[in-house]
Amino acid sequence: FSLWDTQERRIVHERKLWTHAKFAFSPTENLLALSDEGSSAVSLVRIGENGEVGETKIAVGGRAGRFAFSPDGRRLAFFTRILGGVQEAQVWDLNSGDQVIPPIRTTNAFAYHGGRLVLGDRVLAIGTGKSVRVHSLEGGNLLFDTRQPDGVTALALSVDERYLASGHGVSADEIHVWDLHADTAEPMQIIDDHDAWICWLEFTPDGRYLVSSSADQTLRLFELADGE
């Protein structure tokens with residue numbers, strides 16, 4: 001892992017990460033979350049105005065990866081693999097240093113395509129294996145749970161946290177979209193325009209459009225009202 005100063009074209013920080021670690025930047029400040037090789041802690045790396053680097057750690061009891069910040073940058077979610085191979089999703093408040101909700105048991109979080117999670121202001125969305133779940137950040141209650149016919153390879157939550165989209169791709173290269181305010185776990189829309197597994201999904205800020213990228217080397221924009 002290398003952190004570059006793009007103006008001075010130099011490396012300001014380097015380290016060796018765990019293979020499945022990934023990393024994420026805060027949306028509100030120069031704060032980076034990552035997991036070092038062999039570490040059972042999450043490192044929070046803060047980059048100063050002149051490229052200086054400060055660091056704090058959160059002991060999480062196992063290797064961590066697949067990081068996601070909340071929109072306001074106050075909370076951080078990630079998967080952990082703890083003693084005995086147990087996998088969990090954890091959410092931490094970065095100001096207090098406390099867990100926001102009890103850890104949520106998961107499976108397949110570190111598989112080839114790996115688990116996916118999205119952290120909103122009010123909910124945590126998790127996609128692991130063939131399962132898509134949404135938990136409240138007020139106590140961790142399960143709000144939405146559905147089994148899918150294929151593995152989850154991408155996950156997105158609209159800004160208002162009303163719409164959830166999951167991408168798939170082992171036997172069916174589809175995108176499923178749900179209205180979380182509806183009284184059903186059936187998707188409001190299934191999109192099957194891609195010819196390979198879905199790599200990434202993102203809603204536009206108004207929630208009207210969904211952007212998808214795929215291993216078929218295409219980037220597509222869908223209007224959710226009519227699926228065009």
Side-chain angles (χ1 to χ4, degrees), residues 1-100 103-104 106 108-120 124-128 152-157 167 197-202 211 213-215 217 219:
F1 168 84
S2 300
L3 180 65
W4 287 77
D5 184 321
T6 56
Q7 293 184 346
E8 297 186 6
R9 298 183 180 180
R10 65 184 179 90
I11 297 174
V12 298
H13 190 66
E14 277 189 309
R15 64 205 302 160
K16 191 171 184 179
L17 302 185
W18 178 40
T19 304
H20 296 285
K22 307 294 185 183
F23 55 87
F25 267 107
S26 167
T28 60
E29 59 179 320
N30 289 341
L31 181 67
L32 180 67
L34 51 82
S35 180
D36 293 307
E37 184 178 45
S39 174
S40 60
V42 170
S43 296
L44 300 174
V45 179
R46 193 178 303 276
I47 303 99
E49 293 183 1
N50 298 316
E52 67 275 15
V53 174
E55 183 175 338
T56 58
K57 291 183 180 291
I58 302 174
V60 298
R63 291 179 170 179
R66 311 285 181 184
F67 300 97
F69 282 91
S70 60
D72 61 9
R74 294 173 51 198
R75 293 168 171 173
L76 177 67
F78 48 85
F79 292 118
T80 58
R81 180 184 292 164
I82 58 178
L83 187 65
V86 174
Q87 298 176 22
E88 297 178 342
Q90 298 184 16
V91 183
W92 289 73
D93 185 309
L94 300 182
N95 291 330
S96 68
D98 297 324
Q99 291 199 56
V100 177
I104 300 167
T106 66
N108 299 311
F110 298 102
Y112 173 68
H113 290 304
R116 299 290 184 267
L117 47 74
V118 183
L119 184 59
L124 171 68
I126 301 172
T128 55
V152 179
T153 59
L155 201 63
L157 185 68
W197 63 279
I198 311 303
C199 304
W200 191 259
L201 295 170
E202 194 77 39
V211 181
S213 68
S214 166
Q217 300 182 342
L219 182 72

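Start at 1 with the first residue, then count along the sequence.
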Let me confirm one number: the CZ-OG1 distance from Arg66 to Thr128, rounded to the nearest 0.5 Å.
11.5 Å

For Glu202, all residues meeting side-chain contact (heavy atoms from CB on, under 4.5 Å), sequence neighbours excluded:
Trp200

For Ser40, check side chain to side chain donor-acceptor pair (under 3.5 Å) against everything at least two apart and list the hits.
none

With Asp72, which residues qualify under side-chain contact (heavy atoms from CB on, under 4.5 Å), at least two apart?
Ser70, Arg74, Asp121

Side chain to side chain donor-acceptor pair (under 3.5 Å) filter on Gln99, not counting sequence neighbours, yields none

Does atom CD (Gln217) have a neighbourhood of more than 12 heavy atoms from anything else shown, all under 6.0 Å?
no

Distance col, row Thr106:OG1 vs Leu117:CG, nearest 0.5 angstrom, shows 9.0 Å

For Phe69 and Pro27 the tightest heavy-atom approach is CB-CD, 3.6 Å

Looking at every non-hydrogen atom in both residues, tell me the closest pair between Val152 and Gly127 and how far apart they are.
CG1-CA, 4.0 Å

Does Ala154 have any side-chain contact (heavy atoms from CB on, under 4.5 Å) partners at least two apart in sequence or in another chain, and if so, which?
Ile198, Leu201

What's the separation between atom CG in Leu94 and atom OG1 in Thr56, rounded to the nearest 0.5 Å?
8.0 Å

Shortest non-hydrogen contact from Thr80 toward Ala64
CG2-CB, 4.1 Å

Within the structure provided, determine whether Val60 and Trp92 are in side-chain contact (heavy-atom separation under 4.5 Å).
yes

How long is the gap from CD on Glu88 to CD1 on Ile104, to the nearest 0.5 Å?
9.5 Å

Return the set of residues passing side chain to side chain donor-acceptor pair (under 3.5 Å) with Ser213 (not counting sequence neighbours), or none when no residue passes.
none

For Ala77 and Val91, the nearest pair of non-hydrogen atoms, with its separation, is CB-CG2, 4.0 Å

Hey, are the side chains of Leu76 and Leu44 touching, using non-hydrogen atoms and a 4.5 Å cut-off?
yes

Thr28 meets the side chain to side chain donor-acceptor pair (under 3.5 Å) criterion, sequence neighbours left out, with Ser26

Taking the side chain from Ser43 and the backbone from Ser35, do they hold a donor-acceptor pair closer than 3.5 Å?
no

Test side chain to side chain contact (heavy atoms under 4.5 Å, CB included) applied to Phe78 and Ile58, Val42, Leu119, the passing residue:
Val42

Heavy-atom pair with the smallest gap, counting every atom of Ser214 and Cys199
C-SG, 3.5 Å

Identify, with sequence neighbours excluded, every residue that meets side-chain contact (heavy atoms from CB on, under 4.5 Å) alongside Arg10.
Asp5, Glu8, Val12

